[in-house]
Q: 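Below is one structure. I have some questions about it.
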There are 2 protein chains.
Amino acid sequence: MVYRRTHQVVKRLAARRSAILAAARDAASDGGMAAVQIAPVAVRANVAAGTVYRYFPSKADLISELIAEVSRDELAAIRRAADAAPGPSSALAAAVTTVAVHVVSHRKLAWGILAEPVDVDVNATRLASRREIAGEIEARIVAAVRAGHLPAQDTALAATALLGALHESLVGPLAPDNLDDPAKLRDVVQTATLLALRAVGVMDARARGLVVQAALPAKMLAGA
Amino acid sequence: MVYRRTHQVVKRLAARRSAILAAARDAASDGGMAAVQIAPVAVRANVAAGTVYRYFPSKADLISELIAEVSRDELAAIRRAADAAPGPSSALAAAVTTVAVHVVSHRKLAWGILAEPVDVDVNATRLASRREIAGEIEARIVAAVRAGHLPAQDTALAATALLGALHESLVGPLAPDNLDDPAKLRDVVQTATLLALRAVGVMDARARGLVVQAALPAKMLAGA
DNA sequence: TTCTAGTCTGAATAGTTGTTCAGTTCTTCA
DNA sequence: TGAAGAACTGAACAACTATTCAGACTAGAA
């Protein structure tokens with residue numbers, strides 16, 4: 001044997017794979033999933049189109065991995081925020097605020113990950129990712145119900161509806177568009193979070209308090 | 001002049017146009033917007049592919065008209081239900097229930113109309129239709145706020161979030177799937193409606209009452 | 001019946017984009 | 001340095017579909 005993968009090569013290959021994924025993510029951030037086409041992604045990653053196929057068997061695999069990666073990040077952020085909260089209601093509010101901040105910060109990407117259909121079959125991956133995030137929200141709702149802060153309810157449906165309300169009001173086509181202004185952005189995030197919390201049965205007055213508390217990280221992220 | 005359009009011909013042309021639109025609607029109901037392709041639609045309508053282009057300048061126009069037509073029907077149904085209600089809160093509940101019943105009854109079609117991107121540019125039409133429906137819901141929210149039944153709020157965002165919650169929980173990928181059972185279907189519609197009403201600030205207890213009242217037409221439609 | 005203009009047909013065309021692969025370049029190691 | 005294997009390139013290919021258009025067909029008027 002006259003050729004073996006050295007550590008250096010392994011690192012380069014890994015870096016290239018990451019570069020391709022990052023290029024896909026950039027493309028999706030700019031123009032949604034429709035912009036994740038092999039040729040443009042290859043250009044962004046500084047490789048030839050054929051090279052993409054040395055790292056991903058097909059476009060579907062590339063997009064699946066992109067969705068999984070973004071969702072993994074999202075889930076981790078939600079858990080981090082919720083776990084840092086003092087009680088179940090605050091945890092739910094923190095989780096919801098985190099989702100809200102994330103989706104408004106990367107609207108095109110969020111739209112692509114969440115809803116925008118693609119010509120290839122990535123539904124399984126997308127569904128799994130979505131289920132994980134909904135599951136995390138549902139767990140927080142369950143905790144709040146157990147603590148007696150929320151009425152008993154169909155928590156799965158509630159989690160789904162809650163996410164739907166956030167997504168639609170923040171990244172959907174009817175979402176407000178002048179979100180460059182940080183103050184306006186914070187308002188919109190707070191309002192959407194308030195709506196989401198009320199949907200699952202948080203009392204209006206209490207919800208307002210939770211939102212104000214939870215919005216702190218939102219402000220921080222928005223400023224970053 | 002040796003040829004003029006007789007009444008008979010005019011009627012035949014109109015009928016054919018309707019047939020093409022109906023075929024498109026059927027295709028969308030079966031397989032979403034992706035299934036609305038010229039050749040299959042032409043087959044369904046019993047015409048040749050080329051004939052479609054004698055009635056619609058392009059696929060985008062066909063789909064735009066399909067969206068407009070479906071939305072028109074939807075809007076009319078919402079208005080009818082809301083106007084028949086005794087007060088602003090009931091009207092809102094009736095409007096929301098109507099939307100819920102419609103989307104669960106035609107999930108693929110609703111998904112196609114609402115969210116599924118198509119390769120052609122129909123965003124303007126889709127946006128306009130969506131705005132109309134959101135506007136109608138918003139008007140009902142405004143009325144309920146004026147009557148003192150709901151807290152003051154950003155009604156535009158509230159209407160959008162409300163629709164998002166409904167759509168996501170009823171036609172989204174995480175929506176429950178065993179909706180063939182009418183009882184289950186009614187439950188889901190009621191639960192989603194309850195969530196939507198609570199989101200805009202209807203008190204839990206009151207919301208439950210409104211939902212039960214408004215669910216009557218839902219049951220009727222589901223049975224039909 | 002026959003002429004004419006409108007209507008319909010469906011095979012051919014054209015544009016788009018994922019995928020392949022023969023040839024080239026790079027990396028390792030004797 | 002050179003041989004061998006791995007990685008990369010990018011033009012060519014393939015599949016899918018919206019759109020066109022020359023010819024066939026139909027309906028109306030004389």
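The basis for the numbers below is simple: all heavy atoms, side chains too, and nothing from hydrogens, waters or symmetry mates. The chains referred to below are lettered A, B, ... by the order of the sequence lines, with proteins before strands, and numbering in each begins at 1.
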Q: Find the distance A:Tyr53:OH to D:dA6:P and express it as a whole number of Å.
A: 23 Å

Q: Between A:Arg72 and A:Glu132, is the salt bridge (Lys or Arg N to Asp or Glu O under 4.0 Å) condition met? List the steps.
A: CA-CA 9 Å; A:Arg72 218 163 25 236; A:Glu132 276 192 322; over 6 Å; no

Q: Rounded to whole angstrom units, what separation is found between the CD atom of B:Gln8 and the C1' atom of C:dG6?
A: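 Value for this atom pair: 14 Å.
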
Q: Over all heavy atoms of both residues, which pair between B:Ser64 and B:Thr125 is shortest? Give the atoms and the distance, please.
A: OG-OG1, 3.0 Å

Q: Side chain of A:Tyr55: nearest nucleotide among C:dT19, C:dC8, D:dA7?
A: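 When the side chain of A:Tyr55 is considered, D:dA7 is the closest of C:dT19, C:dC8, D:dA7.
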
Q: For residues 35-47 of chain A, run the donor-acceptor check on the side chains, cut-off 3.5 Å, and write out each pair with its distance to 0.1 Å, sequence neighbours left out.
A:
| from | atom 1 | to | atom 2 | distance (Å) |
| --- | --- | --- | --- | --- |
| A:Gln37 | NE2 | A:Ala34 | O | 3.3 |
| A:Arg44 | NH1 | A:Asp30 | OD2 | 3.4 |
| A:Arg44 | NH2 | A:Asp30 | OD2 | 3.0 |

Q: Regarding A:Asp61 and A:Ser58, is there a side-chain donor-to-acceptor distance under 3.5 Å anywhere?
A: yes

Q: What are the two closest heavy atoms between A:Ser105 and A:Val101, and how far apart are they?
A: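 Closest pair (atom of A:Ser105, atom of A:Val101, distance): OG-O, 2.5 Å.
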
Q: B:Gln37 has a side chain; which of C:dT20, D:dT17, D:dT9 sits nearest to it?
A: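 Shortest atom-to-atom distance from the side chain points to D:dT17.
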
Q: Given atom CD1 of B:Ile63 and atom C1' of D:dA18, what is their separation to the nearest angstrom?
A: 11 Å

Q: C:dT16 C1' sits how many Å from B:Lys59 NZ, rounded?
A: 13 Å

Q: For DNA chain C, whose closest nucleotide is more 5', that of A:Ala34 or that of A:Thr51?
A: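 Comparing both residues, the 5'-ward one is A:Ala34.
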
Q: Measure from CG on A:Leu62 to C1' on C:dT19 and round the result to the nearest Å.
A: 14 Å

Q: So, is A:Arg54 near the phosphate of C:dC21, with a side-chain N or O under 4.0 Å from OP1 or OP2?
A: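 No, no such contact exists.
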
Q: Taking NE2 from A:His7 and P from C:dT28, how many angstroms apart are they, rounded to a whole number?
A: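 To the nearest whole Å, that distance equals 12 Å.
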
Q: Where is the tightest heavy-atom contact between B:Lys108 and B:Gly32, given as atom of each residue plus distance?
A: CD-N, 4.0 Å

Q: Nearest to the side chain of A:Ala48 - D:dG10, C:dT28, C:dT7?
A: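 Nearest to the side-chain atoms of A:Ala48, counting from C-beta on, is D:dG10.
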
Q: Taking CZ from B:Arg17 and C1' from C:dC8, how many angstroms apart are they, rounded to a whole number?
A: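 Checked: the CZ to C1' distance equals 17 Å.
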
Q: Please work out which residues in residues 18-28 of chain B have a non-hydrogen atom less than 4.0 Å from an atom of DNA chain C and list them by number.
A: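 Here the set is empty: none.
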
Q: Over how many whole Å does the gap from B:Arg16 atom CZ to C:dG6 atom P extend?
A: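 Rounding to the nearest Å, CZ of B:Arg16 and P of C:dG6 are 18 Å apart.
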
Q: Can you figure out which of C:dT28, C:dC8, D:dA7 approaches the side chain of A:Leu13 most closely?
A: D:dA7

Q: For A:Ala159, give me all partners under side-chain contact (heavy atoms from CB on, under 4.5 Å), at least two apart in sequence or on another chain.
A: A:Ile137, A:Glu138, A:Ile141

